[in-house]
Amino acid sequence: MIRTHAAGTLTAELAGQPVTLAGWVARRRDHGGVIFIDLRDSSGLVQVVFREGDMAQAAHRLRSEFCLRVVGTVDRRPAGNENPELPSGEVEVTATELDVLSESAPLPFPVEGAGAAGVGEDARLHHRYLDLRRSEPARILRLRSRVNAVARRLLDERGFIEVETPTLTRSTPEGARDFLVPVRLQPGNWYALPQSPQLFKQLLMVAGLERYYQIARCYRDEDFRADRQPEFTQLDIEQSFVDQDDVIELGEEVVAALWGDLLGVEVPLPIPRMTYAEALRRYGSDKPDLRLDLELVDLTAYFAGTEFRVFQAEHVGAVVMPGGAAQPRKTLDAWQEWARSRGARGLAYVLVGEDGELRGPVAKNLSAEHLAGLPEAAGAAPGDCMFFGAGPRAEALAILGATRVEVGRRCGLIDEDAWRFVWVVDAPMFEPADTAAGAAGGWTAVHHPFTGPNADWTSRFDKDPAHALAYAYDIVCNGNEIGGGSIRIHSADVQQRVFDVIGLTQEQAKEQFGFLLEAFSYGPPPHGGIAFGWDRVCALLAGTDSIREVIAFPKTGGGYDPLTGAPTAITPAQRKEAGIDAVPNPR
RNA sequence: GGCCCUGUAGCGCAGCUGGUUAGCGCGUCGCCCUGUCACGGCGAAGGUCGCGGGUUCGAGUCCCGUCAGGGUCGCCA
């Protein structure tokens, strides 16, 4: 090694010892006759002193982020000059030899010191290698490595086998759009990048592995959000001869190990469970944020027979904003704007005065008797504001659920330090096809077409697809879905009935999933699993809002990589060689 | 694809109802400085105001279009 010690590890115990350090110039404080350099390496910082004569002259030309080798001795700092902010603050290194390993051009943004905190994301990603020299981004990458290690250790201890599955695979028409890769050796034919290892992990169960896991890269060609990237990572797990409780138990162990080992947070087990229907009814969301106690109120029955047209709807619900009656008109108008920006027509409200009198535009439209019992029915007290959502049930619940969280945010009702986990179970198997694209029948699978019906519905899911429930479960943390999975179908009969419901003919099923169905003709074991959204899990553990912070080289919303400039055009020669425009030979 | 916000020096931002030479902080460059740790002092350089068009005597500012980034809804089995 070029160095003998790491900069951040030097302490008074080493006083008097010669050391050789290697790292970067974090900051320079040039006093003419004496020059201080904060030398940074991956372990931290130490102050290096260059005194008069040759050493001071040599140090004078140092600049930020020059890469150095420094030989010197560890000295206690003069009394009164210690820096308690630094772990190495009791000592400094008096330089006797300086070797500039490489110089740095002027920086595109401040790496250290004042202004380093406020750098825009674009600049940071363009020079991500400089961004990662900074302590916080570096901390996050190190944390992610430990997140992986904790998961691997736990799964290894429980007999799981880490298997790598292909990233060049077959395009399957359901689900998200695939990224496609042309194949030079078979012009006109294309690989797809996997949206997840779903089909392969099921094949591994047929293969008798029984316990599989993988930290797997997945690819989906969809529009991006703050919490989405075109390539992202899942902790993918699958197990044979298990039921839903077994998978949930394992998922809880993973969560408890991560939060316990990395944050010192004890997650009380078992994690509570809630049905999908209950989550929607009480919180207006399939990923409820339980840091907030506030619940929705169903007033559909209460308003039955109302003459107020807006409330003549499939569903009428309310959420109460404590103390909300004091909001000025301008703020209440802003709520309307907020609701419209989320696709709602508006957000009806009734204010409960301190005197109990009900005010607001909607109050005038309600009958005296509906008005009289309203605060009690909604659970509102004097001084509160009642917000109402009315319309088709799913839409009304969606806006009410969003309002609930927004109320919690504005009223400071959310405990930012809390970790509230919940399993959302008994998800519906199917949803009407018109809300999702591409299905030929009247129904489409909510999860994927291999998700098994739960015990209650095995015999009759195809008779009442609208209400059929699956052995499908999501784990939610503070309002974020961090993982989800299901018990898969291993019976050919059940599988065929699911295909029938979603309108998939035998020919289509064979065309799309033939290899899986063939495998399933050779004694497939009952199996199920779970996949964690690993980027989101890491972001939560790191305490950051954006998953970009936990990805070494993330892309922007348009799928652009600001560092490499990918994607790029290709040359006509590349295009020809890749066979992009070729017509595939029939097989 | 819809809607909202942003785009001014290397970085972060200001620029009021249109007005003469577009400012501030940090950074950069030069000189000075022997105990600083966001060191300090003096001086200097650095800008097609994202791009295109329009209104106007005059546009960073107003209008239209467009591009890029961020957010959000749709979408994401």
Side-chain angles (χ1 to χ4, degrees), chain A residues 26-38 45-53 56 60 63-65 77-86 88-89 92 104-127 130 172-178 195-196 198-199 218-230 232 337-344 395 398-399 402 429-431 433 435-439 443-451 470 472 481 484 486 498 502 504 512-513 533 545-546 548 555-558 560 562:
Chain A
R27 273 195 278 268
R28 175 179 61 116
R29 293 175 293 279
D30 186 343
H31 294 248
V34 59
I35 295 173
F36 302 99
I37 297 287
D38 287 340
L45 289 178
V46 71
Q47 173 167 281
V48 181
V49 191
F50 298 82
R51 290 209 181 77
E52 45 205 304
H60 185 67
R63 293 294 181 270
S64 290
E65 302 304 323
R77 293 194 185 192
N81 278 325
E82 299 86 358
N83 183 350
E85 304 288 310
L86 284 181
S88 65
E92 60 194 9
S104 169
L107 299 171
F109 59 84
V111 170
E112 297 269 356
V119 180
E121 194 173 50
D122 199 45
R124 291 175 51 205
L125 296 187
H126 191 231
H127 301 276
L130 290 177
T172 50
E174 286 240 338
R177 273 182 284 272
D178 287 322
Q195 297 173 24
S196 79
Q198 180 64 38
L199 301 178
C218 310
Y219 307 85
R220 291 180 191 175
D221 186 9
E222 292 294 337
D223 290 359
F224 313 137
R225 296 266 189 88
D227 58 347
R228 261 186 246 158
Q229 286 271 300
F232 61 96
E337 201 47 50
W338 173 86
R340 271 192 284 275
S341 78
R342 308 187 68 89
E395 287 174 32
I399 188 64
M429 283 186 79
F430 306 105
E431 61 186 350
T435 65
W443 300 96
T444 184
V446 170
H447 197 51
H448 58 61
F450 314 111
T451 301
E481 184 197 321
S486 62
V498 169
I502 64 176
L504 202 66
Q512 293 174 20
F513 312 112
D545 285 333
S546 170
R548 290 181 196 137
K555 293 176 178 58
T556 68
Y560 176 71

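We name chains A, B, ... by the order of the sequence lines, and we start the count at 1 in each one.
- Among B/G70, B/U36, B/C11, the nucleotide with an atom closest to any side-chain atom of A/Ala123 is B/C11.
- Between the CD atom of A/Glu82 and the C1' atom of B/U36 there is a distance of 13 Å, given to the nearest Å.
- Regarding A/Asp178, its CG atom lies at a distance of 19 Å from the P atom of B/C75, rounded to whole Å.
- Following rounding to the nearest Å, A/Phe224 (CZ) and B/C73 (P) show an atom-to-atom distance of 17 Å.
- Of the possible donor and acceptor atoms, one in the side chain of A/Arg77 sits under 3.5 Å from a partner among the backbone N and O of A/Gly89.
- At a threshold of 4.0 angstrom between heavy atoms, the contacts of A/Arg548 are confined to the sugar-phosphate backbone, with no base atom among them.
- Across all strands shown, A/Gly120 has heavy atoms under 4.0 Å from sugar-phosphate atoms exclusively, and none from any base.
- Counting any heavy atom pair closer than 4.0 Å across all strands shown, A/Gln229 reaches no nucleic acid atom.
- Stacking is not found between A/His31 and the pyrimidine-like six-membered ring of the B/U36 base under the 5.5 Å centre-distance and 30° plane-angle cut-offs.
- Using C1' as the reference atom, B/G30 and B/A22 are 26 Å apart when rounded to the nearest Å.
- Donor-acceptor pairing under 3.5 Å, judged by distance alone, is present between the side chain of A/Asp30 and the base of B/C33.
- A donor-acceptor pair is defined here as one N or O able to donate and one able to accept, closer than 3.5 Å; such a pair exists between the side chain of A/Ser88 and the backbone of A/Leu45.
- When heavy atoms are screened at a 4.0 angstrom cut-off, A/Glu481 is found touching no nucleic acid atom at all.
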Dump the pairs, protein N or O against N or O of nucleotides 26-28 of chain B, anything under 3.5 Å, distances to one decimal.
none

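- To the nearest whole angstrom, the two P atoms, one in B/C42 and one in B/G27, are 14 Å apart.
- Atom P of B/G52 sits at a distance of 23 Å from the matching atom of B/G46, rounded to the whole Å.
- Nucleotides B/G65 and B/G70 have their P atoms positioned 23 Å apart, rounded to a whole Å.
- For B/A38, the OP1/OP2 oxygens have no side-chain nitrogen or oxygen of A/Arg27 closer than 4.0 Å.
- Using a distance-only test at 3.5 Å, with no hydrogens or angles considered, no donor-acceptor pair links the side chain of A/Arg29 to the main chain of A/Phe36.
- Counting heavy atoms from C-beta on, the side chains of A/Pro230 and A/Lys555 come closer than 4.5 Å.
- Which of B/C37, B/C75, B/C76 sits closest to the side chain of A/Asp223 comes down to B/C75.
- For the atom pair A/Ile502 CD1 and A/Met429 CE, the distance stands at 9.0 Å (nearest 0.5 Å).
- Among the atoms of the strands shown, base atoms are found under 4.0 Å from some heavy atom of A/Asn81.
- Checking B/G70, B/C73, B/C75 against every side-chain atom of A/Arg228, the shortest atom distance belongs to B/C75.
- Nearer to the 5' terminus of RNA chain B, by closest-nucleotide assignment, is the contact made by A/His60 (compared with the other of A/Tyr560 and A/His60).
- Remark: the separation of the P atoms in B/C39 and B/G53 is 46 Å, to the nearest Å.
- The same atom, P, is picked in B/U21 and in B/G2; the two are 41 Å apart, to the nearest Å.
- Here B/G69 presents its C1' atom at 17 Å from NZ of A/Lys555, a figure rounded to the nearest Å.
- For A/Val34, the side-chain atoms get nearest to B/U34 when compared with the rest of B/U34, B/U36, B/G69.
- Using a 4.0 Å heavy-atom criterion, one finds that A/Thr451 contacts no nucleic acid atom at all.
- Between A/Arg29 and B/U36 there is no side-chain N or O to OP1 or OP2 distance below 4.0 Å.
- At whole-Å resolution of the value, CD in A/Glu222 and C1' in B/G1 are 12 Å apart.
- A donor-acceptor distance shorter than 3.5 angstrom exists from the side chain of A/Gln195 to the backbone of A/Ala176, with no hydrogens or angles considered.
- Which of B/U36, B/G10, B/G74 sits closest to the side chain of A/Pro108 comes down to B/G10.
- Minimum atom distance to the side chain of A/Asn83 is reached by B/C37, of the listed B/G69, B/C37, B/C33.
- Note: A/Phe232 CZ to A/Phe224 CZ = 10.5 Å, rounded to the nearest 0.5 Å.
- Dashed line: the shortest gap from a side-chain N or O of A/Arg340 to OP1 or OP2 of B/U72 is not under 4.0 Å.
- Nucleic acid contact for A/Gln198: base, since at least one base atom lies under 4.0 Å from a heavy atom of the residue.
- The pair A/Arg228-A/Glu222 does not count as a salt bridge, with every side-chain nitrogen at least 4.0 angstrom from each carboxylate oxygen.
- A distance-only check finds no donor-acceptor pair linking the side chain of A/Gln229 to the backbone of A/Arg548 [under 3.5 Å].
- When Watson-Crick and G-U wobble pairs are counted only if both distances are under 3.5 Å, B/C57 pairs with B/G19.
- Both geometric conditions, a ring-centre gap below 5.5 Å and a plane tilt below 30°, are fulfilled for A/Phe36 over the base of B/U36.
- Nucleotides of RNA chain B nearest to A/Asp38 and A/Arg220 differ in position, and the one nearer the 5' end is that of A/Asp38.
- Remark: P of B/C39 and CD1 of A/Ile37 are 11 Å apart, rounded to the nearest angstrom.
- Taking side-chain N and O atoms only, A/Arg342 has a distance below 4.0 Å to OP1 or OP2 of B/C73.
- Atoms CD and CG, from A/Glu92 and A/Leu86 in turn, are 11.5 Å apart once rounded to the nearest 0.5 Å.
- Between the CD1 atom of A/Ile399 and the CH2 atom of A/Trp338 there is a distance of 4.5 Å, given to the nearest 0.5 Å.
- B/C49 and B/G40 have their C1' atoms separated by 34 Å, given to the nearest Å.
- The gap from the P atom of B/U48 to that of B/G10 amounts to 8 Å, rounded to the nearest Å.
- In this structure, A/Phe109 atom CZ and B/A9 atom P are separated by 17 Å, rounded to whole Å.
- Between the C1' atom of B/C32 and the CD1 atom of A/Ile35 lies a distance of 13 Å, rounded to the nearest Å.
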